[in-house]
Amino acid sequence: MGPRLRSFPWRQTRDPWVILVAEVLLQQTQAQRVADRFDEILELFGTPEAVVALGQAGVVERWSGFGYNSRAVRLFRCAQTVVAVHGGVVPHRRDDLLALPGIGPYTAAAIRAFAFEEDVAVYDTNVARVIARAALGAPVAAGAGWATAQQMVPNERGWHYNQAVLDFGATICTARRPACERCPISRRCAYARAGFSGDDPARTTAGTARRQGTFRGSRREARGAIVEVLRQGPRTRQELQEATGMHAHFDAALDGLIADGLVTSSTERLALSN
DNA sequence: TTCCAGTTCT
DNA sequence: AGAACGGGAA
């Protein structure tokens, strides 16, 4: 037998809502960071009704430390939709899942594969890298990569297979320094068999991480700082600006947060939107 | 600096 | 297609 799957709390359940919450948190966020706070996450967001009851501001308040705060807004709206439209039950059909706020192609597939145990391919940054390197030895567009991934899913074993590929990409076939020396499939890896000639196929493959601008001094940093201060409670514009210490992008950041429905501006104060 | 179990808007 | 969107960790 090869190595076991990594032990993550969301792998011990098939509760579709819990899986959904975990997958939303895992979007662009290292698995270990989510795992470290999973008890707290379950207590806070364990049912769609609980999320609705928290209210949007409550959800955003408790999202501290996870980043991408719009995900908190979308999770709240998603909970509302699941309760109001689906009677509190997470749907299993792809189109119904994609219609939920914050649920895109990856998360819809992850819910189907990991909660409902359907044999659908989960295609994320890890899988895209593995497909490009090991299966094809060449860069892939998103559509073709997904199709290739789907062909590889074994009948009746999708749950375990998908979790295993994710682990393989996260621990062996990594973005930076892939551990080819201890790779169990290096003999069958297209890129390895080609002698690692040319650029890393994963580099230019769609679905793998794209580079972003510098965070320090960015508007995104200002947005994050503003939301973090407002988690403590409402503030005047003056107080908010001083507390964040953000000057350069403060106005644009605040405008953006209001436009995104994260922050509400009343006559005197700014606050997280309800 | 790069990258992280992506989604949404333009 | 490209950009915007957090913040932590290697």
Side-chain angles (χ1 to χ4, degrees), chain A residues 5-6 8-11 19-38 60 63-75 77-78 97-115 121-131 141-143 145-146 149 159 161-171 173-179 200 202-229 231 244 246 249 252-253 255-257 259-263:
Chain A
L5 255 25
R6 290 181 291 173
F8 287 125
W10 53 86
R11 289 178 167 175
I19 303 281
L20 183 154
V21 170
E23 292 298 341
V24 169
L25 279 155
L26 287 163
Q27 291 166 2
Q28 290 286 282
T29 305
Q30 286 90 340
Q32 191 55 52
R33 281 214 279 153
V34 178
D36 290 343
R37 292 177 58 186
F38 207 70
V60 174
W63 201 261
S64 182
F66 290 123
Y68 286 126
N69 295 311
S70 289
R71 285 187 301 172
V73 175
R74 298 192 189 116
L75 179 64
R77 293 177 183 163
C78 179
L97 288 166
L98 289 178
L100 297 173
I103 308 301
Y106 163 77
T107 307
I111 292 167
R112 296 177 67 197
F114 298 143
V122 169
Y123 194 76
D124 78 326
T125 184
N126 291 295
V127 183
R129 201 167 50 239
V130 173
I131 294 293
W146 197 291
W159 188 95
Y161 171 80
N162 280 300
Q163 300 280 21
V165 178
L166 254 25
D167 274 9
F168 177 66
T171 63
C173 198
T174 57
R176 238 97 48 111
R177 291 169 43 82
D200 179 355
R203 271 292 315 232
T204 50
T205 283
T208 55
R210 284 90 67 193
R211 58 182 309 272
Q212 10 179 267
T214 309
F215 179 64
R216 182 85 173 94
S218 69
R219 185 172 62 186
R220 293 169 69 183
E221 182 184 33
R223 283 174 56 112
I226 289 170
V227 171
E228 186 58 28
V229 170
R231 285 186 171 109
T244 58
M246 295 289 165
H249 296 95
D255 289 348
L257 288 167
D260 290 348
L262 269 157
V263 172

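In what follows, chains are A, B, ... by sequence order, proteins preceding strands, each numbered from 1. As a basis for the values below, the full set of heavy atoms in this structure was taken, side chains included, without hydrogen atoms, waters or symmetry mates.
When heavy atoms are screened at a 4.0 angstrom cut-off, A:R216 is found touching no nucleic acid atom at all. A:G104 comes within contact range of the sugar-phosphate backbone alone, with a heavy-atom separation under 4.0 Å but no base atom that close. A:F8 comes within 4.0 angstrom of a base, heavy atoms only. A:A31 comes within 4.0 angstrom of sugar-phosphate atoms only, judged by non-hydrogen atoms across all strands, and of no base. Residue contacts shown for A:Q32 are absent, as no nucleic acid heavy atom lies under 4.0 Å away. At the heavy-atom level, A:T174 lies nowhere under 4.0 Å from the strands shown. Base contact: A:W10 has a heavy atom under 4.0 Å from a base atom.
In this structure, the nucleotide among C:dC5, B:dC4, B:dA5 sitting nearest to the side chain of A:E23 is B:dA5. Among C:dA4, C:dG6, C:dG7, the nucleotide with an atom closest to any side-chain atom of A:R219 is C:dA4. Nearest nucleotide to the A:Q28 side chain, out of B:dT2, B:dA5, B:dG6: B:dG6.
Rounded to whole Å, the separation between the P atoms of C:dG6 and B:dC9 comes to 14 Å. Straight-line distance between the P atoms of B:dA5 and C:dA3: roughly 23 Å, to the nearest whole Å. B:dC4 and C:dA1: their C1' atoms are spaced 22 Å apart (whole Å).
Rounded to whole Å, the distance from CD on A:Q212 to C1' on B:dC4 is 9 Å. In this structure, the OH atom of A:Y68 is 11 Å from the C1' atom of C:dA3, given to the nearest Å. Between A:Q27 atom CD and B:dC4 atom P there is a gap of 15 Å when expressed in whole angstrom units. Rounded to whole Å, atom P of B:dC9 lies 13 Å from atom CG of A:L262. To the nearest angstrom, P of C:dA3 lies 17 Å from CZ of A:R223. In this structure, the CD1 atom of A:I103 is 13 Å from the C1' atom of B:dT8, given to the nearest Å. A straight line from CZ of A:R37 to P of C:dG7 spans 12 Å, rounded to a whole angstrom. For A:D260 and B:dT7, the CG to C1' distance is 13 Å, given to the nearest whole Å.
The pair A:R74-A:D260 does not meet the salt-bridge criterion, since no charged nitrogen lies less than 4.0 angstrom from a carboxylate oxygen.
Taking each heavy atom of A:G169 and A:R129 in turn, the nearest pair found is O-NH2, 2.6 Å.
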### Query
Under the side-chain contact (heavy atoms from CB on, under 4.5 Å) criterion, do A:R231 and A:V60 qualify, and how do the steps go?
CA-CA 8 Å; A:R231 285 186 171 109; A:V60 174; 4.3 Å; yes
Apply side-chain contact (heavy atoms from CB on, under 4.5 Å) to the pair A:W159 and A:F114, showing each step before the final yes or no.
-> CA-CA 6 Å; A:W159 188 95; A:F114 298 143; 3.9 Å; yes
- request: Just do the side-chain contact (heavy atoms from CB on, under 4.5 Å) check on A:V165 and A:N126 with the steps written out, would you?
  value: CA-CA 8 Å; A:V165 178; A:N126 291 295; over 6 Å; no
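Looking at A:T29, its side chain comes within 3.5 Å of the base of C:dG6 through a donor and an acceptor atom. On a pure distance criterion of 3.5 Å, no polar donor-acceptor pair joins the side chain of A:Y106 and the base of B:dG6. Put simply, the side chain of A:Q30 and the base of B:dC4 share a donor and an acceptor less than 3.5 Å apart. Side-chain atoms of A:R176 come within donor-acceptor range of the base of B:dT2, with a qualifying N/O pair under 3.5 Å. A donor-acceptor contact under 3.5 Å is not formed by the side chain of A:R33 with the base of C:dG8.
Residue whose closest nucleotide on DNA chain B sits further toward the 5' end, between A:L26 and A:L100: A:L26.
Taking 4.0 angstrom as the limit, A:T107 places a side-chain polar atom (N or O) nearer than this to OP1 or OP2 of B:dT7. Proximity of A:R74 to the phosphate of B:dT7: no side-chain N or O atom is located under 4.0 Å from OP1 or OP2. Between B:dC4 and A:R129, a contact under 4.0 Å exists linking OP1 or OP2 to a side-chain N or O.
Under a cutoff of 6.0 Å and an axis angle of 45°, A:R220 and A:Y68 do not form a cation-pi pair.
Between A:R223 and A:S218, the side chains place no donor N or O within less than 3.5 Å of an acceptor N or O (distance only, hydrogens not considered).
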